[in-house]
2 protein chains.
Amino acid sequence: MSEDDRAVARERVIESMEQSAEVYGLSRSAGRIYGVLYFSDDPLSIPELVDQTGYAKSTISNVTRTLTRIGLIHRRSSAGGGRRVRYTAEREIWFILQDVFQQYVQREIQTTLRTIQRAQAQLPDDGETETERIEELQETYEDLQEIATLASDFTAAELRDALESYDR
Amino acid sequence: MSEDDRAVARERVIESMEQSAEVYGLSRSAGRIYGVLYFSDDPLSIPELVDQTGYAKSTISNVTRTLTRIGLIHRRSSAGGGRRVRYTAEREIWFILQDVFQQYVQREIQTTLRTIQRAQAQLPDDGETETERIEELQETYEDLQEIATLASDFTAAELRDALESYDR
DNA sequence: CTGTTTGTTCGGTACACTCTGAACAAACGA
DNA sequence: TCGTTTGTTCAGAGTGTACCGAACAAACAG
């Protein structure tokens, strides 16, 4: 088993991360940068990421900013006191998914629900089609919000256990 | 309470659907078309959708195809025996979310897991960084797949109940 | 102080995606 | 049969996004 084989395996997984990134609405470069950091033993600076990914410095700078903002990677504020910024990957995938979930899904549910409630408040309960349909929507979204709120408090193991042990 | 007010409320909710569509990786037109169908009492044909949305015929044709493919709307195969195709909206939001979940998230988890497992199978258990990291990934994704599989069998009410009644 | 390294910002290019309008095929009504 | 309506397909216009290279600012080493 050579160093080469490990590199190949690593590359395959990183390519898979590139693809996942697209599914989650991020760019392919975001997937690769996260992947390189995921496998790196030490925190990496922007020039080092330029070397290992082949992307331009500006691309690394922009992508690391957004990845940091959504919590996929962390800024190690200069251990040596230098200016050099170094990044590490958040390796707890469950945390990442929870963050993404919170920032995209939960937020989406919340704003939609607010819109629905506001529209509903202006309409009388007159049994017209629009009113009825909006009411249906409201109920569904209230359920969804409840589920999302509850789920965000669970760890992966707890969630799995809760689903496995649930008796209908 | 005038017909006008109802139209305004309806329009607000449809705009919200346009936005949701973007979050789920669909076009704005998809959100509006779904919204118009959601509020319509009767199934609508493509020319009727052209009237009510203002989009070009070709746009309606293309978007209805993708919406049908992912199960957000249904093709009512010509009740009158005519050529006219008519569409209805799937109003059970929970079903829609389950479908989207199944087609995007579950699929993504599955292909990623396969890649990881294949990469892992080619590496010895030698305690090197790559091997270790890939092992971590594999465990996480196996958990995720289990959760996704379990969750796809639940109704919204069951899921909510399972989470609410779970005692850690 | 001067040259080097690091990181951010900005303008530009390449590309994908949405939507349109026109051309076309299929089914209908006269 | 011929004109009309419906639905699909295709090339192209317009738009947004990813990425790059250059210019710039900030901090360091000498």
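- Taking atom CZ of R84(A) as the reference point, atom P of dC28(D) lies 13 Å away to the nearest angstrom.
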Name each donor-acceptor pair under 3.5 Å that joins a side chain in residues 15-22 of chain A to protein atoms two or more places apart or in another chain, with its distance.
| unit_1 | atom_1 | unit_2 | atom_2 | d |
| --- | --- | --- | --- | --- |
| E18(A) | OE1 | R28(A) | NH2 | 3.2 |
| E18(A) | OE2 | R32(A) | NE | 2.7 |
| E18(A) | OE2 | R32(A) | NH2 | 3.4 |
| S20(A) | OG | S16(A) | O | 3.1 |
| S20(A) | OG | E108(B) | OE2 | 2.4 |
| E22(A) | OE1 | R28(A) | NH1 | 3.2 |

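- Checking T149(A) against E146(A) by side-chain atom types alone, no donor-acceptor pair falls below 3.5 Å.
- In this structure the side chain of L163(B) reaches within 4.5 angstrom of the side chain of L159(A), judged on heavy atoms.
- Atom CG of L67(A) is separated from atom P of dG7(C) by 16 Å (rounded to the nearest Å).
- A heavy atom lying under 4.0 Å from DNA chain D marks none of the residues of residues 34-42 of chain B.
- Whole-Å rounding puts the I60(A) CD1 to dC20(D) P distance at 8 Å.
- Atom P of nucleotide dA23(C) and atom NZ of K57(B) are separated by 12 Å, given to the nearest angstrom.
- Of the side-chain N and O atoms in S61(A), none sit less than 4.0 angstrom from OP1 or OP2 of dG7(C).
- Within the structure, side chain to side chain donor-acceptor pair (under 3.5 Å) contacts touching residues 52-64 of chain A (residues at least two apart or in different chains) are N62(A)-R65(A).
- Going from atom CG of L49(A) over to atom C1' of dT5(C) covers 16 Å, rounded to whole Å.
- The separation between I33(A) atom CD1 and dA18(D) atom C1' is 11 Å, rounded to whole Å.
- Taking atom CD of residue E48(A) and atom C1' of nucleotide dT5(C), one finds them 13 Å apart after rounding to whole Å.
- Cation-pi geometry between R76(B) and Y87(B) is not met at under 6.0 angstrom from the ring centre and within 45 degrees of the axis.
- Cluster membership check: V105(B) shares its hydrophobic cluster with L26(B), using side-chain heavy-atom separations under 4.5 Å among Ile, Leu, Val, Met, Phe, Trp and Tyr.
- Pairs engaging residues 104-137 of chain B under the ring-ring contact (aromatic ring centres under 6.0 Å, His included) rule: none recorded [sequence neighbours left out].
- Checking R86(A) against S45(A) by side-chain atom types alone, no donor-acceptor pair falls below 3.5 Å.
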Which atom pairs link the protein and nucleotides 10-19 of chain C when you take only N or O atoms and keep those under 3.5 Å?
| unit_1 | atom_1 | unit_2 | atom_2 | d |
| --- | --- | --- | --- | --- |
| dC19(C) | OP1 | S29(B) | N | 3.3 |
| dC19(C) | OP1 | S29(B) | OG | 3.4 |
| dC19(C) | OP2 | S27(B) | OG | 3.3 |
| dC19(C) | OP2 | S29(B) | OG | 2.3 |

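- Applying the ring pair (Phe, Tyr, Trp, His ring centres under 6.0 Å) test to Y166(B) and every residue at least two apart in sequence or in another chain returns F154(A).
- Going from atom CZ of R32(A) over to atom C1' of dA18(D) covers 15 Å, rounded to whole Å.
- For R65(A), a side-chain nitrogen or oxygen approaches OP1 or OP2 of dT9(C) to under 4.0 Å.
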